[in-house]
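Report on the structure given below.
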There are 4 protein chains.
Amino acid sequence: MANIAAGDDHADTPPSMVRPSLPREPPATERGLRTRAALVAAARKVFERLGYLDARLIDITRAANCSTGTFYTYFSSKEDIFAAVLEVAQEDMLHPGMPHVASDDSPAAVIEASNRAYLKAYKRNAKLMGLLEQVANIDPEFRELRTSRSNAFVRRNARSIAKLQVKGYADPDLDPLLASRALSAMMSRLAFGHFVAREDREDTPTVTDEDLVQIVTRLWVNALRIPSPDHRNPPAVQDQ
Amino acid sequence: MANIAAGDDHADTPPSMVRPSLPREPPATERGLRTRAALVAAARKVFERLGYLDARLIDITRAANCSTGTFYTYFSSKEDIFAAVLEVAQEDMLHPGMPHVASDDSPAAVIEASNRAYLKAYKRNAKLMGLLEQVANIDPEFRELRTSRSNAFVRRNARSIAKLQVKGYADPDLDPLLASRALSAMMSRLAFGHFVAREDREDTPTVTDEDLVQIVTRLWVNALRIPSPDHRNPPAVQDQ
Amino acid sequence: MANIAAGDDHADTPPSMVRPSLPREPPATERGLRTRAALVAAARKVFERLGYLDARLIDITRAANCSTGTFYTYFSSKEDIFAAVLEVAQEDMLHPGMPHVASDDSPAAVIEASNRAYLKAYKRNAKLMGLLEQVANIDPEFRELRTSRSNAFVRRNARSIAKLQVKGYADPDLDPLLASRALSAMMSRLAFGHFVAREDREDTPTVTDEDLVQIVTRLWVNALRIPSPDHRNPPAVQDQ
Amino acid sequence: MANIAAGDDHADTPPSMVRPSLPREPPATERGLRTRAALVAAARKVFERLGYLDARLIDITRAANCSTGTFYTYFSSKEDIFAAVLEVAQEDMLHPGMPHVASDDSPAAVIEASNRAYLKAYKRNAKLMGLLEQVANIDPEFRELRTSRSNAFVRRNARSIAKLQVKGYADPDLDPLLASRALSAMMSRLAFGHFVAREDREDTPTVTDEDLVQIVTRLWVNALRIPSPDHRNPPAVQDQ
DNA sequence: CATGAATGAGAGTTCATTCAT
DNA sequence: AATGAATGAACTCTCATTCAT
């Protein structure tokens with residue numbers, strides 16, 4: 001699987017991860033399961049609408065049609081449920097629907113496809129990404145979460161870059177890890193600005209999602225000095 | 001002045017721009033001037049130590065050796081004084097000590113120097129940058145501030161890129177504005193990760209400031225397809 | 001049985017007296033009996049560990065390995081189960097293992113033996129006594145319980161004192177009831193300080209249980225002006 | 001000063017003592033002083049009426065005619081203000097108005113006077129004593145307070161007893177400290193039962209305050225084997 | 001200019017108790 | 001007889017802001 005495309009924040013993550021708070025027993029009954037799910041769904045909506053800080057527990061419980069007490073049956077705090085919300089989104093970021101990468105595609109094509117997939121997944125979860133950015137800058141627990149996710153991504157892409165170097169398709173002078181970190185940073189920051197901050201600056205011509213894919217891919221290819229896709233090459237990026 | 005190197009967040013800014021809150025009369029007396037300055041200085045320290053949210057007004061006034069009431073003589077709110085703190089730092093980010101760029105330096109050399117300068121300035125104000133990131137994700141007023149600063153930078157670098165293209169020194173297929181945005185994003189995000197978040201990830205080899213300069217410059221040069229610095233060229237980047 | 005020795009708090013009690021709360025049907029089945037017993041045992045442990053106020057019902061049910069709902073099958077409230085716990089301890093306080101008091105023992109010897117027995121029983125149930133002290137100062141229902149227990153004791157000892165006076169072995173000027181009340185108060189308060197509060201005051205020489213028996217007995221004998229045990233006398237204190 | 005009379009709980013206390021909680025700055029202005037005093041007075045009333053546990057902060061602030069916020073200007077918690085309430089009562093317990101003890105009074109007379117004074121002071125502060133008993137059994141901080149006060153008293157009386165022994169006026173076989181502890185325990189417990197718990201037991205003849213003085217004094221004199229007051233003696237108890 | 005006491009809405013959190021299953 | 005999810009009133013404590021002095 002090609003995953004040179006990146007973004008630093010999310011999308012890769014160990015199976016079990018988010019638990020910034022004191023634990024609560026998982027629901028024992030069907031009904032409990034439903035209530036918990038309702039709370040998580042409600043929380044996501046409320047967080048997205050109000051932001052993390054302005055969201056009050058009572059907003060969440062009201063949206064989930066239950067009492068405050070019930071909230072504490074399943075979560076120990078606001079952080080706790082926020083982590084749960086993130087965890088759900090994880091699923092989606094993890095399987096961004098890797099598109100058809102023919103085995104004979106050029107490295108450039110692979111990069112493009114993977115960038116496009118990343119951006120799509122980011123878009124789907126844009127509000128949540130913004131939320132995470134918010135919280136990560138406030139709560140060390142979530143900052144760490146963001147960092148570790150990002151690192152996983154960076155490492156993966158670093159491996160891909162190294163492979164390209166070995167095959168003579170990428171600038172051998174680049175440190176793969178550093179390069180990966182820089183390029184992933186570019187990607188994620190761009191996505192953030194595009195999908196989250198999007199202040200719809202009047203002075204700037206509108207940029208489409210596809211514009212972003214194109215420019216990033218181009219810069220990426222250039223930066224790594226990947227040979228132009230004109231000469232057909234064996235796939236330079238192979239994943240795991 | 002060479003400023004192709006960039007970063008989106010800070011370092012460029014119209015003379016006076018920060019005033020997200022209700023105004024207060026500027027101090028009329030000498031004494032008032034001193035008190036106000038003491039408050040701003042105290043606020044910076046407190047914000048840096050406690051973060052924006054956890055800093056209480058009382059912490060600031062205590063550090064400034066004055067009463068709560070006095071605070072409101074000069075500032076209308078926490079946001080207001082935070083803006084004032086930022087404004088002070090502005091000075092420094094505005095004059096990052098642009099280094100000696102000989103007029104016959106290669107574009108690559110110029111980029112490197114400018115990147116180095118940016119990083120230095122960022123480092124000096126790292127805590128504040130972190131604070132801004134925190135607040136911008138919380139308060140729209142400050143989000144806008146960040147955006148507009150960033151845009152100024154991006155535009156400037158876009159002009160430089162365009163010039164390089166005209167002179168045949170940069171990939172003509174790149175949209176200058178988009179490329180600038182992407183590369184500036186890379187820079188600023190990297191600086192943030194390096195100087196602010198620096199979670200000192202145990203698994204990663206230590207990266208020095210200079211490592212960062214080198215990798216970024218390299219990627220930047222590659223990405224724009226700037227000809228290798230071997231052939232002496234006229235300075236490709238000219239400022240203002 | 002000699003019970004002039006005393007203490008006002010516990011050790012005497014009508015067969016069944018504790019029921020400060022709404023009743024619940026006693027268990028009908030074998031299984032129910034076991035569950036109820038488990039709850040009482042668990043409650044005692046939890047109360048002793050956490051104190052009455054900090055003990056949550058959930059702590060008790062968890063320790064008893066049953067659900068919250070089940071608790072209410074057997075008890076109507078926290079008070080209710082606390083009363084049940086006390087009732088169990090009653091058994092022990094009621095039969096403090098009255099030692100061999102030869103019928104020709106001197107009054108002093110009888111007093112000593114009985115004081116020793118009281119102290120032993122108190123020690124065995126020290127934690128519970130502390131608990132009762134806690135709750136009696138909070139809940140009128142239990143205050144009454146404590147009072148009535150204490151009174152029973154006081155009355156008994158008053159009878160003994162009166163007998164001694166009749167036989168010319170005790171200061172006839174003393175009101176038997178008042179004297180009994182005072183001496184019992186001394187005893188119980190001392191036991192409380194020794195076994196429950198025992199702040200292990202650094203400045204005070206360690207006092208053994210036996211020291212306590214000796215001093216109390218001596219003071220008691222003196223206070224009642226009981227003739228020195230040198231001259232053999234018929235037992236001055238006869239019980240029931 | 002004669003202070004063989006006792007009571008274990010309060011009345012003696014080092015200059016500065018009660019601070020079970022986080023400190024608050026003392027009021028800087030006249031007005032602040034008044035507000036703080038109003039809060040303490042209100043707290044005392046509320047505690048006495050409702051008991052420590054049932055007293056809500058809001059009850060206190062309402063009674064003091066101020067807002068919750070104001071409460072926290074002067075006190076950090078319920079405990080904190082309770083300590084302040086106790087501290088005020090201290091004054092009174094400390095100077096129980098030691099009565100005229102003619103220098104040629106017999107030891108018995110001195111004891112009687114001192115017991116009477118103790119009981120009077122206890123009566124004046126009965127509600128508070130009850131409160132302290134309540135809280136001391138709940139909060140270790142206050143338990144310690146009670147213990148240390150009590151100890152001071154016990155030690156003082158122990159010294160008096162020792163002096164009497166030296167002069168040949170008290171049973172030399174008694175350990176002064178243990179005896180003091182026991183007799184003080186008797187006194188304080190009796191006072192507690194009489195003034196605080198006074199369940200007005202229907203079955204018991206009414207006991208007047210003076211009855212208590214008489215019986216306690218008599219028992220005390222007997223217990224220490226102090227010679228009958230008939231033979232005029234030089235004052236056996238001298239203080240400090 | 002400076003002070004600092006007063007404000008008070010509002011948040012998070014707990015836990016005994018109920019009740020449908 | 002047993003379960004455990006649901007309840008919700010009640011409480012403490014915070015802190016930006018105002019205002020009388």
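Order of the sequence lines sets the chain letters (A, B, ...), proteins ahead of strands, with each chain counted from 1. Every heavy atom of this structure was used, including side-chain atoms; hydrogens, water molecules and symmetry mates were not.
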Checklist outcome for this item: Per-residue pairing states of DNA chain F in dot-bracket (Watson-Crick or G-U under 3.5 Å; . unpaired, | other strand) read .||||||||||||||||||||

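Residues from residues 60-68 of chain B with heavy atoms under 4.0 angstrom of DNA chain E, sorted by number: B:Cys66, B:Ser67, B:Thr68. Within residues 25-45 of chain A, no residue places a heavy atom under 4.0 Å from DNA chain E.
Remark: C1' of F:dT14 and CG of A:Leu53 are 15 Å apart, rounded to the nearest angstrom. In this entry the distance linking CD1 of D:Ile58 with P of F:dT12 reads 9 Å, nearest Å. For the pair B:Arg56 CZ and F:dT17 P, the interatomic distance rounds to 15 Å; values are reported in whole Å. For the pair C:Leu50 CG and E:dC15 C1', the computed distance is 14 Å after rounding to whole Å. Atoms CZ (D:Arg24) and C1' (E:dA5) sit 14 Å apart, rounded to a whole Å. F:dC13 atom C1' lies 9 Å from atom CG of D:Leu57, rounded to whole Å. In this entry the distance linking CZ of B:Phe75 with P of F:dT18 reads 16 Å, nearest Å.
Of all heavy-atom pairs spanning C:Leu39 and C:Ala64, the tightest one is CD2-CB, 3.7 Å. Summarising the geometry of C:Phe47 relative to C:Ile60, their closest heavy-atom pair is CZ-CD1, 4.0 Å, with the distance given to 0.1 Å. Closest heavy-atom contact between D:Leu50 and D:Asp54: O-CB, 3.3 Å. Looking at every heavy atom in both residues, A:Ser77 comes nearest to A:Phe71 through O-CZ, 3.6 Å.
Residue-to-nucleotide proximity on DNA chain F shows that, of C:Tyr74 and B:Lys78, the 5′-proximal contact is made by C:Tyr74.
Under the side chain to side chain contact (heavy atoms under 4.5 Å, CB included) rule, A:Asn137 has a single partner from B:Val135, B:Asn137, B:Leu131, B:Leu132, which is B:Asn137.
One finds no side-chain N or O of C:Thr73 lying less than 4.0 angstrom from the OP1 or OP2 phosphate oxygen of F:dA1. Residue A:Tyr72 places at least one side-chain N or O under 4.0 Å from the OP1 or OP2 atom of E:dT13.
Taking the side chain to side chain donor-acceptor pair (under 3.5 Å) definition, one finds that D:Arg56 meets it with D:Asp59, sequence neighbours left out. For D:Thr70, the side chain to side chain donor-acceptor pair (under 3.5 Å) partners are D:Ser67, not counting sequence neighbours.
A donor-acceptor pair under 3.5 Å links the side-chain atoms of C:Lys78 to the main chain of C:Tyr52, judged by distance alone. Using modelled atom types, one side-chain atom of A:Arg24 and one backbone atom of A:Tyr72 make a donor-acceptor pair closer than 3.5 Å.
For the side chain to side chain donor-acceptor pair (under 3.5 Å) condition, no pair includes a residue of residues 28-37 of chain C, sequence neighbours left out.
If you check every strand for non-hydrogen atoms under 4.0 Å, A:Phe71 touches nothing.
No side-chain heavy atom of D:Leu86 sits under 4.5 Å from any side-chain heavy atom of D:Arg146.
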